[in-house]
Amino acid sequence: MNISEIAPYEFSSVEARWQNFWRKNASFEVDITQTKKKYYVLEMFMYPSGKVHIGHVRNYTIGDIIARFRRSSGFSVLHPVGWDAFGLPAENAALKQNGHPKDWTYKNIEIMKRQLLSLGFSYDWSREFATCNESYYGFQQKIFLAFYKKGLIYRKESEVNWDPIDNCVLANEQVIDGRGWRSGALVEKKKLAQWFLKITDFAEELLSEIDGLKGWPEKVKTMQRNWIGRSEGCVIKFKTDINEEIAVFSTRSETIFGATFLAISPDHPLSLKLAEINTNIKAFIAEFKKGSVAQEVIDRQEKLGVNTGVTVRHPFLNKDIPVYIANFVLMNYGTGAIFATPAHDERDYEFAQKYSLPIERVIESEGDLPYLGNGVIINSDFLNGLTISEAKAKVIQRLCAIGIGERKVFFRLMDWGISRQRYWGCPIPIAYCDHCGIVPLEEKDLPVTLPYDVDFSSAGNPLDKHATWKRIKCPTCGKNAVRETDTLDTFFDSSWYFLRFCINDPNNSNLLKKEDIAHWMNVDQYIGGVEHAILHLLYARFFAKALSKYGFINVQEPFDNLFTQGMVCNVTYKKENGDWLFPNEVQKKNDGSYEVTATGEKVIVGNIEKMSKSKKNVIDPDVIIKTYGADTLRLFVVSDTPPDKDFLWSDEGLEGCWRFINRVWRLFVFAKSCGANIEENSFSIENCAPDIRELYKNFHRTIKNVTDSLEERAMNKVIAYIRDSVNSIYFLLEKLRGSQIVFRLIIRDLIKLLAPIAPHICEEAWSMLAFSGLVSDNPWPEYNKEYIAITTINLPIQINGKLRGTINVNPEEGEESVFEKALQVSSVQNIIGERSIKKKIYVKGKIVNFVI
RNA sequence: GCCCGUGUGGCGGAAUGGUAGACGCGAUAGACUCAAAAUCUGUUACUCAUUCGGGUGUGGGGGUUCAAGUCCCUCCACGGGCACCA
């Protein structure tokens with residue numbers, strides 16, 4: 001048989017066949033009775049938006065490769081799949097298409113599930129659930145009640161984006177340039193009673209335990225640390241001339257002698273009080289209240305303030321300093337008040353300049369103010385001459401001693417607002433009774449299910465407008481009451497789903513069985529986008545801690561290893577008028593430029609950007625799977641680029657992977673034609689021809705390299721090593737025809753090595769070559785240490801650190817003998833000539849270097 | 001502004017302080033073919049010599065070392081995160 005005559009690989013029927021086989025045989029279902037060591041692989045679950053995109057494919061392929069690798073390495077691998085199914089887009093789509101969020105969501109799940117199946121992922125489908133399933137959110141309501149009863153959930157007034165025309169609350173993404181997305185009205189800040197989760201109770205733990213997360217990227221840990229933002233400082237009470245105290249928080253207490261004014265937040269109680277008697281202040285606060293709560297607007301704001309007329313006494317100086325209301329002081333951090341030291345703080349400096357307030361230097365330095373660096377304290381009475389840290393310690397001690405200071409730690413982290421004025425979310429199991437107030441529902445009344453018959457035709461929360469749903473009897477007194485009509489933030493849903501996957505039958509079980517959780521947790525490998533580095537991962541960590549504290553489970557940190565994959569990018573194409581074009585709408589011309597295929601219009605090739613619908617630089621996985629098969633796509637999305645880096649789509653690269661799949665296919669078919677069903681134990685490598693022996697030994701090195709690279713999740717290297725060994729096999733193809741046993745052994749292990757990446761073709765080859773069972777069930781190949789031991793090396797010889805030749809030596813050979821051989825190399829002799837050698841270096845098995 | 005990260009051929013990228021550029025893409029040549037495609041086999045950092053061979057090269061500059069892409073200092077560029085947090 002001539003290898004070039006082998007027909008192309010018929011992926012389509014093969015892939016469908018094995019997908020059906022795995023599904024029918026529940027090949028990847030697991031339970032806790034298995035005696036093997038457990039391994040839990042989890043990819044961040046998907047929002048059912050309607051279509052799987054290439055970014056998902058990359059994420060889930062990385063996960064599947066790890067899952068399949070661990071499985072064949074002898075682990076019992078839990079690899080579940082589910083849907084993060086509540087959320088705003090379903091409501092938007094329902095509005096647009098006159099449909100229902102529930103129908104829209106379940107229809108999308110069906111479509112996307114079919115897509116996932118067509119990629120051959122090794123999921124345990126028996127554990128699949130969506131967060132909008134009653135069994136899931138019903139249990140979530142139990143968690144809510146438990147947290148509520150423990151005081152971890154509370155109700156508080158909080159600001160929201162309010163659309164005054166539609167009379168409804170807007171999510172941040174519904175505010176566009178400060179206006180409501182539907183009405184176009186200027187969005188206002190409005191206070192509304194909302195539910196909060198006291199995540200700040202766990203701030204210290206959430207921060208300190210980041211250090212123990214050895215398997216997390218440093219970058220993510222840093223982001224979480226910054227987000228929690230612990231700062232140590234001192235709260236200082238200032239006496240005012242109106243018989244009140246103002247408490248300020250400072251981390252720079254050593255600069256207190258430079259304090260020339262106090263600034264308080266417009267939301268500070270004193271501000272509000274003064275507003276009642278001072279129209280200037282009232283106007284200032286009113287102006288401040290306008291405008292959006294959106295961060296981008298706040299960030300660009302100019303520093304503004306108003307003098308209250310109130311003064312405070314400086315604690316150490318015989319002087320009074322004014323109190324200003326300033327828009328840059330935040331009520332929700334620290335005490336909502338600061339002492340301002342313009343000489344050593346940029347914001348204070350800017351404010352002082354604007355309002356012509358005095359600026360007094362208290363840290364010695366040269367150059368312009370504000371000065372933020374280190375130095376010696378000056379103009380500060382008992383602090384003079386001290387360093388910053390000495391002064392800080394001394395002044396805090398003094399403030400505490402005279403009873404106006406207190407050491408204090410504040411966190412940037414704020415409590416998590418969990419209520420949303422939306423329909424498509426988990427109902428909050430609370431009743432409001434005129435007699436009893438806020439009453440939690442009882443467990444027997446759970447789940448509180450979402451009504452299907454809701455009206456989206458007018459603005460506002462459909463649950464609130466529903467005729468009957470919210471009217472209930474009070475669980476305590478039995479009188480008429482109403483339900484809470486807010487639903488939970490979808491981050492709440494995704495904060496514990498990984499625990500639910502541990503339960504055998506998550507759609508029917510009403511328990512979070514401790515033994516199941518104990519068996520599967522922690523997640524050994526979690527994989528997802530870095531966009532969830534802060535919120536989702538922080539909330540999930542918080543849930544694990546809170547649920548453990550209240551006895552539901554016993555898990556401290558849920559994710560042992562975290563892997564954040566890069567984005568999938570592609571070039572963009574535009575018409576001259578700026579309209580974006582899909583890649584399949586353009587074609588390359590002979591001169592290398594592009595034109596619109598249909599019309600011949602000129603095409604501008606734009607930047608490489610993250611694939612997104614709006615820029616139309618998307619690739620439809622379905623089309624790729626149909627044209628090249630799932631294995632080719634899986635191979636492509638992890639080849640070349642390391643999985644944590646951004647991946648650039650290229651049609652040529654994809655073609656290259658398709659060629660490689662066919663190249664190995666031909667190899668498999670060729671191997672089959674060579675026959676051989678000979679037992680391994682009748683084989684001795686010493687009887688082989690030298691080049692075949694070398695090939696076989698090198699293949700063992702490939703096994704090692706592939707295994708090591710998989711351990712470090714470097715799929716690009718895995719593929720490089722496999723390709724390299726395939727090349728070597730091709731090189732000796734005709735000789736291998738006469739060495740069936742070696743050939744068969746190599747092919748057998750090659751199939752195993754490739755199987756996690758391209759499972760369909762490998763399963764097919766495994767069965768075609770009559771190996772027993774499934775390749776998915778077979779153990780990972782092991783390498784023979786003797787075969788990879790190096791017996792001769794090509795030793796580089798350097799002169800003054802420059803490569804001048806090589807010699808073949810045994811790595812065990814003695815130093816003197818190596819030098820002798822090295823000096824005989826003609827290129828080395830030519831350079832050394834008559835010169836004397838000052839120093840000879842031999843690093844065993846590595847290098848020779850002569851210094852002349 | 002602060003905190004991370006990254007900088008290597010035409011491109012994606014390899015390289016426990018020890019032969020820089022594995023593997024792939026692209027390019028290019030040969031074999032096969034009437035021809036093309038596919039396939040198989042070469043070549044492919046730059047540069048001078050175009051024969052042996054030499055020189056230069058991992059963002060720039062400096063340093064440590066027998067030896068630096070790798071370690072240290074410094075500057076530059078790009079990417080990301082946070083950003084009135086007192």
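Hydrogens, waters and symmetry mates play no part in the numbers below; they use all other heavy atoms, side chains included.
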- Can you figure out which of B:rC84, B:rC82, B:rG54 approaches the side chain of A:F328 most closely?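 Out of B:rC84, B:rC82, B:rG54, the nucleotide with an atom closest to A:F328's side chain is B:rC84.
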
- Query: Considering only side-chain heavy atoms of A:R804, which listed nucleotide, B:rA86, B:rG55, B:rC3, is closest?
  - Reply: B:rG55

- Item | Shortest non-hydrogen contact between A:S253 and A:C234, atoms and distance | OG-CB, 3.5 Å

- Message: Give me the atom names and distance for the closest heavy-atom approach of A:P315 to A:I404.
- Response: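 Distance-wise, the nearest heavy atoms are CB-CD1, 3.5 Å.
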
Identify all side-chain donor-acceptor contacts of residues 662-669 of chain A below 3.5 Å with residues at least two apart in sequence or on another chain.
| residue | atom | partner | partner atom | Å |
| --- | --- | --- | --- | --- |
| A:N662 | OD1 | A:Y9 | N | 2.9 |
| A:N662 | ND2 | A:W658 | O | 3.1 |
| A:R663 | NH2 | A:N727 | OD1 | 2.9 |

Which value, in whole Å, describes the distance between the [atom1] atoms of nucleotides [N] and [M]?
N	M	atom1	answer
B:rA22	B:rG30	C1'	25 Å
B:rU44	B:rG9	C1'	10 Å
B:rA83	B:rC75	C1'	26 Å

- Message: I'd like to know if the side chain of A:N327 reaches the main chain of A:L304, judged simply by a donor and an acceptor atom lying under 3.5 Å from each other, with no hydrogens or angles considered.
- Response: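 A pair under 3.5 Å: yes.
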
Could you grab the distance from atom [atom1] of [X] to atom [atom2] of [Y], nearest 0.5 Å is fine?
X	Y	atom1	atom2	answer
A:D348	A:L357	CG	CG	10.0 Å
A:Q798	A:R804	CD	CZ	10.0 Å
A:F647	A:M567	CZ	CE	13.5 Å
A:R58	A:L633	CZ	CG	12.0 Å

- Taking the side chain as C-beta and beyond, is there a heavy-atom pair between A:I761 and A:F11 under 4.5 Å?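 The answer is no, as the side chains (C-beta and beyond) never meet within the 4.5 Å cut-off.
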
Hey, can you pull the residues of [range] with a non-hydrogen atom under 4.0 angstrom from RNA chain B?
range	value
residues 840-852 of chain A	A:I841, A:V843, A:K846, A:I847, A:N849, A:V851
residues 245-256 of chain A	A:F249, A:S250, A:T251, A:R252
residues 637-651 of chain A	A:D640, A:T641, A:P642
residues 704-716 of chain A	A:N716

Ring-ring centroid check [X] [Y], cutoff 6.0 Å:
X	Y	value
A:F339	A:H314	no
A:F351	A:F261	yes
A:Y594	A:Y573	yes

- Which residue pairs satisfy the side-chain hydrogen bond (donor to acceptor under 3.5 Å, both in side chains) criterion with at least one member in residues 405-414 of chain A, sequence neighbours excluded?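 Qualifying pairs: none.
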
In whole Å, I'd like the distance from the [atom1] atom of [X] to the [atom2] atom of [N].
X	N	atom1	atom2	value
A:F339	B:rC84	CZ	P	20 Å
A:D724	B:rA22	CG	P	10 Å
A:I228	B:rC82	CD1	P	14 Å

- Please list, chain by chain and in numerical order, all residues satisfying salt bridge (charged side-chain N to carboxylate O under 4.0 Å, His left out) with A:E652, sequence neighbours excluded.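 Expected list: none.
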
- Distance-only donor-acceptor test, A:K303 side-chain atoms vs B:rC84 base atoms, 3.5 Å: yes

In the strands shown, is [N] matched to any nucleotide by a Watson-Crick or G-U wobble pair with both distances under 3.5 Å, and which?
N	value
B:rU16	none
B:rA83	none
B:rG7	B:rC76
B:rU64	none
B:rU56	B:rA45
B:rA35	none

- Sequence neighbours left out, what pairs pass ring pair (Phe, Tyr, Trp, His ring centres under 6.0 Å) with at least one residue falling in residues 700-736 of chain A?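 As it turns out, the ring pair (Phe, Tyr, Trp, His ring centres under 6.0 Å) pairs with a partner in residues 700-736 of chain A, which skip direct neighbours, are A:Y696-A:H700, A:H700-A:Y787.
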
- Summary of protein contacts for nucleotides 26-49 of chain B, nucleotide by nucleotide, where a base hit scores B, a sugar-phosphate-only hit scores S (4.0 Å, heavy atoms): S------------SSSS-------

- Query: Reading nucleotides 68-73 of chain B 5' to 3', which nucleotides get B (base under 4.0 Å from a protein heavy atom), which S (sugar-phosphate only), which -?
  - Reply: ------

Side chains of residues 708-716 of chain A: which donor-acceptor partners sit under 3.5 Å, not counting sequence neighbours?
| residue | atom | partner | partner atom | Å |
| --- | --- | --- | --- | --- |
| A:D708 | OD2 | A:K704 | NZ | 2.7 |
| A:S709 | OG | A:N705 | O | 2.8 |
| A:E711 | OE1 | A:R70 | NH2 | 3.1 |
| A:E711 | OE2 | A:R70 | NH1 | 3.3 |
| A:E712 | OE1 | A:K717 | NZ | 3.0 |
| A:R713 | NE | A:Q525 | OE1 | 2.9 |
| A:R713 | NH2 | A:Q525 | OE1 | 3.4 |

- Message: Working note: A:T792 + A:N810, criterion side chain to side chain donor-acceptor pair (under 3.5 Å); need CA distance, chi angles, decisive distance, verdict.
- Response: CA-CA 4 Å; A:T792 66; A:N810 184 309; over 6 Å; no

- Query: Between A:K840 and A:E815, does at least one N-O distance fall below 4.0 Å, as a salt bridge requires?
  - Reply: no

- Would you call A:E694-A:K697 a salt bridge at under 4.0 Å N-O? no

- Look at the side-chain N and O atoms of A:K717 and state whether any lies under 4.0 Å from the OP1 or OP2 oxygen of B:rA14. no

- Task: Report yes if at least one side-chain N or O of A:R412 is closer than 4.0 Å to OP1 or OP2 of B:rA83; otherwise report no.
- Result: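 For B:rA83, OP1 or OP2 has a side-chain N or O of A:R412 closer than 4.0 Å.
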
- Message: Applying ring-ring contact (aromatic ring centres under 6.0 Å, His included), can you list everything that pairs with A:F670, at least two apart in sequence or on another chain?
- Response: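 With sequence neighbours excluded, A:F670 shows a ring-ring contact (aromatic ring centres under 6.0 Å, His included) to no residue whatsoever.
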
